[in-house]
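Below is one structure, written out as structure tokens; the observations come after it.
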Amino acid sequence: MSTEPEPAATAGVSRAEYCVIACAEAWRGDGEVLASPMGLIPSFGARLAKRTFSPDLLLTDGEATLVGLDGTPEGWLPYRRHLTMVTGGRRHVMMGASQIDRYGNQNISCIGDWEQPTRQLLGVRGAPVNTLNDPVSYWIPKHSRRVFVERVDMVCGVGYDRAEAAGATRFHRLPRVVSDLGVFDFTGPGHAMRLVSVHPGVSVEQVREATGFELTIADEVPYTREPTPEELRLIREVVDPEGLRDREVRA
């Protein structure tokens, strides 16, 4: 368990802002790839990354146009070209998960037995294609045992164990999972989920108690990094001046 004191800036930075920073870090070092963030916090993270340490990221209007930081059209991305990028590892998706297990298998389709589920969700959608052909990270705004489960009820996004069993690992990569409690990757034994950092104000024990399987946890777990003054200014004044981030993450 971490014994480091909490960063001095913690009192001035909201949990949501740490989450934006953590999501932005998912695209660090990606180069010229298409960023496909799904949801508010991932979208803010992608835009922050492009404005700072990942200027070559490609952003879209959600349809068929590549856009600049101010929304100005910069290129045309027809469906056929988009599919080429999707199937060649040239896109990094950050999507949600209704359930996720220790190896990164993700469910967004249904809860309960898939033959007669107790709850219908979004459906499988593009999750299998995304995970087998591109780097995929996950954003989970409310970390709980209902989401971080021992076994998902239906596999939509493919985890490391199933990708390896199918021999489909060429483009398969799950760089990171960000929740409202911390940051995770899959560098544990056998590509099991590992706790990378906890957000300031969160303890390792809180994360452990909110997770439905055994995480790989080091003796010392750092805190999620602090935003720089410029990053904080960009989040508050440029990327999300209306403060929508705090509606999704409350702490």
How close do [X] and [Y] get, counting heavy atoms only, and between which atoms?
{"X": "Leu181", "Y": "Ala210", "answer": "CD1-CB, 4.0 Å"}
{"X": "Arg176", "Y": "Ala26", "answer": "CD-CB, 3.8 Å"}
{"X": "Glu237", "Y": "Pro241", "answer": "O-CB, 3.8 Å"}
{"X": "Gly201", "Y": "Gln206", "answer": "O-OE1, 3.7 Å"}
{"X": "His199", "Y": "Ala22", "answer": "CE1-CB, 4.3 Å"}
{"X": "Gly96", "Y": "Ile108", "answer": "O-CG2, 3.8 Å"}

Any side-chain heavy-atom pair from [X] and [Y] closer than 4.5 angstrom?
{"X": "Met94", "Y": "Cys23", "value": "yes"}
{"X": "Val13", "Y": "Pro227", "value": "yes"}
{"X": "Val93", "Y": "Met38", "value": "yes"}
{"X": "Leu34", "Y": "Asp134", "value": "no"}
{"X": "Glu205", "Y": "Val207", "value": "no"}
{"X": "Lys142", "Y": "Val147", "value": "no"}
{"X": "Val177", "Y": "Phe186", "value": "yes"}
{"X": "Asp246", "Y": "Val249", "value": "no"}

Handout entry: Contact list for residues 109-141, test ring pair (Phe, Tyr, Trp, His ring centres under 6.0 Å), sequence neighbours left out
Key = none
Practice task
Keeping to residues at least two apart or across chains, list the ring pair (Phe, Tyr, Trp, His ring centres under 6.0 Å) pairs with something in residues 91-112.
Solution key: Trp27-His92
Rounded distance [0.5 Å steps], [atom1] in [X] versus [atom2] in [Y]:
{"X": "Arg236", "Y": "Glu231", "atom1": "CZ", "atom2": "CD", "answer": "12.0 Å"}
{"X": "Leu232", "Y": "Ile21", "atom1": "CG", "atom2": "CD1", "answer": "7.5 Å"}
{"X": "Leu122", "Y": "Ser98", "atom1": "CG", "atom2": "OG", "answer": "6.5 Å"}
{"X": "Arg173", "Y": "Thr131", "atom1": "CZ", "atom2": "OG1", "answer": "13.5 Å"}
{"X": "Arg90", "Y": "Asp30", "atom1": "CZ", "atom2": "CG", "answer": "9.0 Å"}
{"X": "Cys19", "Y": "Leu40", "atom1": "SG", "atom2": "CG", "answer": "12.5 Å"}

Are [Y] and [X] connected into the same hydrophobic cluster when the rule is that any two of I, L, V, M, F, W, Y join if their side-chain heavy atoms are below 4.5 Å apart?
{"X": "Leu59", "Y": "Val33", "value": "no"}
{"X": "Leu132", "Y": "Val136", "value": "no"}
{"X": "Val204", "Y": "Val196", "value": "no"}
{"X": "Val221", "Y": "Met193", "value": "yes"}
{"X": "Val152", "Y": "Phe213", "value": "no"}

Enumerate donor-acceptor pairs with a distance under 3.5 Å from any side-chain N or O in residues 155-164 to protein atoms, sequence neighbours excluded.
residue : atom : partner : partner atom : Å
Tyr160  : OH   : Leu174  : N            : 3.1
Asp161  : OD1  : Asn105  : ND2          : 2.8
Glu164  : OE2  : His191  : NE2          : 3.4

Exercise for the section: Look only at the side chain of Asp153 and the backbone of Gly112, and say whether a donor-acceptor pair between them is shorter than 3.5 Å. Expected result: yes
Exercise for the section: Taking atom CD of Gln120 as the centre, report whether more than 12 heavy atoms of other residues, nucleotides or ligands fall under 6.0 Å from it. Expected result: yes
Exercise for the section: Decide if atom CD of Glu209 counts as having more than 12 heavy atoms of other residues, nucleotides or ligands within a radius under 6.0 Å. Expected result: yes
Short side-chain donor-acceptor distance under 3.5 Å, [Y] and [X]:
{"X": "Thr72", "Y": "Asp70", "value": "yes"}
{"X": "Arg170", "Y": "Asn133", "value": "no"}
{"X": "Arg194", "Y": "Thr187", "value": "yes"}

Practice task
Run through the side-chain heavy atoms of Ile, Leu, Val, Met, Phe, Trp and Tyr, join any pair under 4.5 Å, and report what else lands in Leu121's cluster.
Solution key: Ile111
Problem - Verdict with reasoning, Glu150 to Arg102, per salt bridge (charged side-chain N to carboxylate O under 4.0 Å, His left out) - result: CA-CA 7 Å; Glu150 184 65 42; Arg102 73 179 71 224; 2.8 Å; yes
Problem - Criterion salt bridge (charged side-chain N to carboxylate O under 4.0 Å, His left out) on Glu17 and Arg245, from CA distance to verdict - result: CA-CA 7 Å; Glu17 288 163 343; Arg245 60 193 178 277; 3.1 Å; yes
Completion exercise
salt bridge (Lys or Arg N to Asp or Glu O under 4.0 Å) pairs touching residues 121-131, sequence neighbours excluded, are none
Handout entry: side-chain contact (heavy atoms from CB on, under 4.5 Å) between Ile217 and Arg208, intermediate numbers included
Key = CA-CA 9 Å; Ile217 301 177; Arg208 184 182 283 115; 3.5 Å; yes
Exercise for the section: Describe, in one word, how the ring planes of Phe148 and His143 are oriented to each other, choosing from parallel (under 30°), tilted (30 to 60°) and perpendicular (over 60°). Expected result: parallel
Exercise for the section: Kindly determine whether Gln99 and Met154 satisfy side-chain contact (heavy atoms from CB on, under 4.5 Å), including the steps that lead there. Expected result: CA-CA 9 Å; Gln99 293 179 327; Met154 181 173 181; over 6 Å; no
Problem - Test side-chain contact (heavy atoms from CB on, under 4.5 Å) applied to Val149 and Ile100, step by step - result: CA-CA 6 Å; Val149 296; Ile100 190 167; over 6 Å; no
Handout entry: Step-by-step side-chain contact (heavy atoms from CB on, under 4.5 Å) determination, Val238 to Arg51
Key = CA-CA 10 Å; Val238 179; Arg51 287 183 177 275; 3.4 Å; yes
Handout entry: Check against salt bridge (charged side-chain N to carboxylate O under 4.0 Å, His left out), Glu25 and Arg225
Key = CA-CA 10 Å; Glu25 285 288 343; Arg225 78 165 178 88; 2.6 Å; yes
Only pairs under 3.5 Å count here: list side-chain donor-acceptor contacts from residues 42-50, not counting sequence neighbours, and write none if there are none.
residue : atom : partner : partner atom : Å
Ser43   : OG   : Gly39   : O            : 2.7
Arg47   : NH2  : Val239  : O            : 3.1
Lys50   : NZ   : Pro55   : O            : 3.0
Lys50   : NZ   : Leu57   : O            : 2.7

